[in-house]
2 protein chains.
Amino acid sequence: MTTEPNTPDAAESSRSEHVPDSDTVTPVMEDYLKTIYELQYDRDGAVWTSRIADSLEVTPPTVSSMLEKLERRGLIHREKHRPVTLTETGENVALGVIRNHRLLETFLADYLEYEWDEVHAEADRLEHYVSDQFVDRLTAMLEHPSSDPHGDPIPDEALAAPTRSWIRLSEAEAGVSHRVERVRADGERLRYLADCGITPGVPVEIVERTPLESVEIAIESDPDHEPNSQVLPKRACERILVGPLPGNN
Amino acid sequence: MTTEPNTPDAAESSRSEHVPDSDTVTPVMEDYLKTIYELQYDRDGAVWTSRIADSLEVTPPTVSSMLEKLERRGLIHREKHRPVTLTETGENVALGVIRNHRLLETFLADYLEYEWDEVHAEADRLEHYVSDQFVDRLTAMLEHPSSDPHGDPIPDEALAAPTRSWIRLSEAEAGVSHRVERVRADGERLRYLADCGITPGVPVEIVERTPLESVEIAIESDPDHEPNSQVLPKRACERILVGPLPGNN
DNA sequence: ACAAATAATTAGCCTAATCAAATATAATAG
DNA sequence: CTATTATATTTGATTAGGCTAATTATTTGT
Ligand SMILES: [Mn+2]
Ligand SMILES: [Mn+2]
Ligand SMILES: [Mn+2]
Ligand SMILES: [Mn+2]
């Protein structure tokens, strides 16, 4: 019956406590986990410290120390000087944030008249601050959308990982019409592609590949008009994901 | 007024810098300024360190050091051991946050089916993270509402301070019907008052004041039915603000 | 007028997130 | 099998926002 100075007395319900809450995931931690997820799955590859640093625009030492913390919290697997992987818990956190992000983007575009190049910045902040209740209600209001304005798939409430498969427009067979599913770009590039008529749902077709790494494509934004023809660099076509045209199966 | 909420502006391109951005107002600083504003105007009175500490549920030393910072930033006037007041800049920050808060509450109630006792917690977080663009678009979508679900007035885009005047239901003349304008309560109390039919817009009238500090009131939630009669403690009636009934002038 | 009570401030420490500089490790080129 | 180079980590700061304990200033009761 010693006089303990630091008794974590349960009767002390007055929460003025300033202790490190070992299972709280901060907004910054969420961004790291989301980035790791995206580096791992979206552009596939091993996730190195420096890649995370590039993505988040912080220095490698900052990443190193954050990775140490994420490992202590059981959110990633890590060995020194090796790429990291998410634990199941870590992946669920990442998917939750991605779900919030894409639902918010959809809301901004559908209800607040944001352009599709404006939604990302806003969603990237708010994704960390909306409650589960908010997200549930928002999902209902949006009628459970399955993809965001860029065509990125939205994980469902159970966080079922999006596993649809698309091909790159750059790899599509010439002369065969495909449907635009996702457009993976941002800012000015995104605006330009929208001006060309390239948005999810639009049928496109490769007309000709030039020897100069550019590709001529035909875009049928409007079914009643003649397709719009456009020459894009191959790199751009790699970031446009397409699927089969429904009915053209 | 930039579109960015709390982002340390990227115009300074080579800014990987980790320097204190002397004119950035952090979310926590916003909460202090909002609290000071509310202590000063809503419940009128001098704003002492300990009152701020109570409101924000932090300790007085924490408030002291924050007040020092706010003073350095030109957001408050302060003398040692005296109550603080907001500078014009500080008041504008506070009004901006209050505007965000009340618009968000309105959105949550009108579009996401939040109950009026649920809106506060969500808005109190999001108020710091929505951009000016978001708020502008939201205002348009809500058709420029002038008050939130509790009847609290929403400052307009120019932050014109809300200066309508109401009286407390506790001070209303007995036998004269008034219109409920604001209900200043939260949580369980708010839910109870809604159950009694006391929400903004409803006509109420004092039937009788008892000698025991309670007040019998008649509530006309539904114009077709007989008014609902209710006995409330005087303290509760002090927090219900009413105005003249339109037409009963 | 002065001691006691109350309120505010100072001093010293903590965590989270960041950086720059120094150091360690792994990969690669002779 | 070393020497160079590219990465990653460690070390030591900084800033923001907290806390407790000790100290100081103000107000009040006798
Ligand atoms: Mn983010
Ligand atoms: Mn997207
Ligand atoms: Mn707040
Ligand atoms: Mn309100």
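On a predicted model such as this, the values are computed, not experimentally measured, just so you know. Letters A, B, ... are given to chains in the order of the sequence lines, protein chains preceding strands, and every chain is numbered from 1.
- Looking at which nucleotide of DNA chain D each of B:W48 and B:K69 is closest to, the 5′-most match is held by B:K69.
- Taking atom OH of B:Y32 as the reference point, atom P of D:dA16 lies 14 Å away to the nearest angstrom.
- Counting any heavy atom pair closer than 4.0 Å across all strands shown, A:S65 reaches a base atom.
- Rounded to an integer number of Å, the gap from B:E68 CD to C:dT10 P is 7 Å.
- A straight line from CG of B:L33 to C1' of D:dG17 spans 15 Å, rounded to a whole angstrom.
- Backbone-only engagement by B:S50 is indicated by non-hydrogen atom pairs under 4.0 Å involving sugar-phosphate atoms exclusively.
- For A:H128 and C:dA17, the NE2 to C1' distance is 14 Å, given to the nearest whole Å.
- When rounded to the nearest whole Å, the span between CD of A:E79 and C1' of D:dA8 equals 14 Å.
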Item checked: Worked verdict on A:I52 versus A:L67 for side chain to side chain contact (heavy atoms under 4.5 Å, CB included) -> CA-CA 10 Å; A:I52 300 172; A:L67 292 180; 4.1 Å; yes

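- Taking for each of B:H81 and A:P27 the nucleotide of DNA chain C with the nearest heavy atom, the 5'-most of the two is the partner of B:H81.
- Residue A:T62 places its side chain closer to C:dC19 than to any other of C:dC19, C:dA17, D:dA16.
- Checking side-chain atoms of A:R102 against main-chain N and O of A:P153 turns up a donor-acceptor pair under 3.5 Å.
- Atom CZ of A:R82 and atom P of C:dA26 are 9 Å apart (whole Å).
- Counting any heavy atom pair closer than 4.0 Å across all strands shown, A:T49 reaches sugar-phosphate atoms only and no base atom.
- In the set C:dT9, D:dG17, C:dC19, D:dG17 carries the atom at the smallest distance from any side-chain atom of B:M66.
- Following rounding to the nearest Å, A:D31 (CG) and C:dA16 (P) show an atom-to-atom distance of 17 Å.
- Remark: C1' of D:dA8 and CD1 of A:I76 are 14 Å apart, rounded to the nearest angstrom.
- The pair B:R184-B:D152 counts as a salt bridge, with a side-chain nitrogen and a carboxylate oxygen less than 4.0 angstrom apart.
- Ranking C:dC19, D:dT20, D:dA16 by closeness to the B:T26 side chain, first place goes to D:dA16.
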Checklist line | Steps toward side chain to side chain contact (heavy atoms under 4.5 Å, CB included) verdict (A:L232, A:V215) | finding: CA-CA 5 Å; A:L232 296 179; A:V215 182; 5.6 Å; no

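- Phosphate proximity of D:dT10 to A:K80: present, with a side-chain N or O under 4.0 Å from OP1 or OP2.
- Aromatic rings of B:H101 and B:H120 (six-membered ring for Trp) have centroids within the 6.0 Å cut-off, being under it.
- Nearest nucleotide to the side chain of A:P61, out of C:dA8, C:dA21, D:dA16: C:dA21.
- As judged by a 4.0 angstrom heavy-atom cut-off over every strand, B:R78 is placed among residues touching the sugar-phosphate backbone only.
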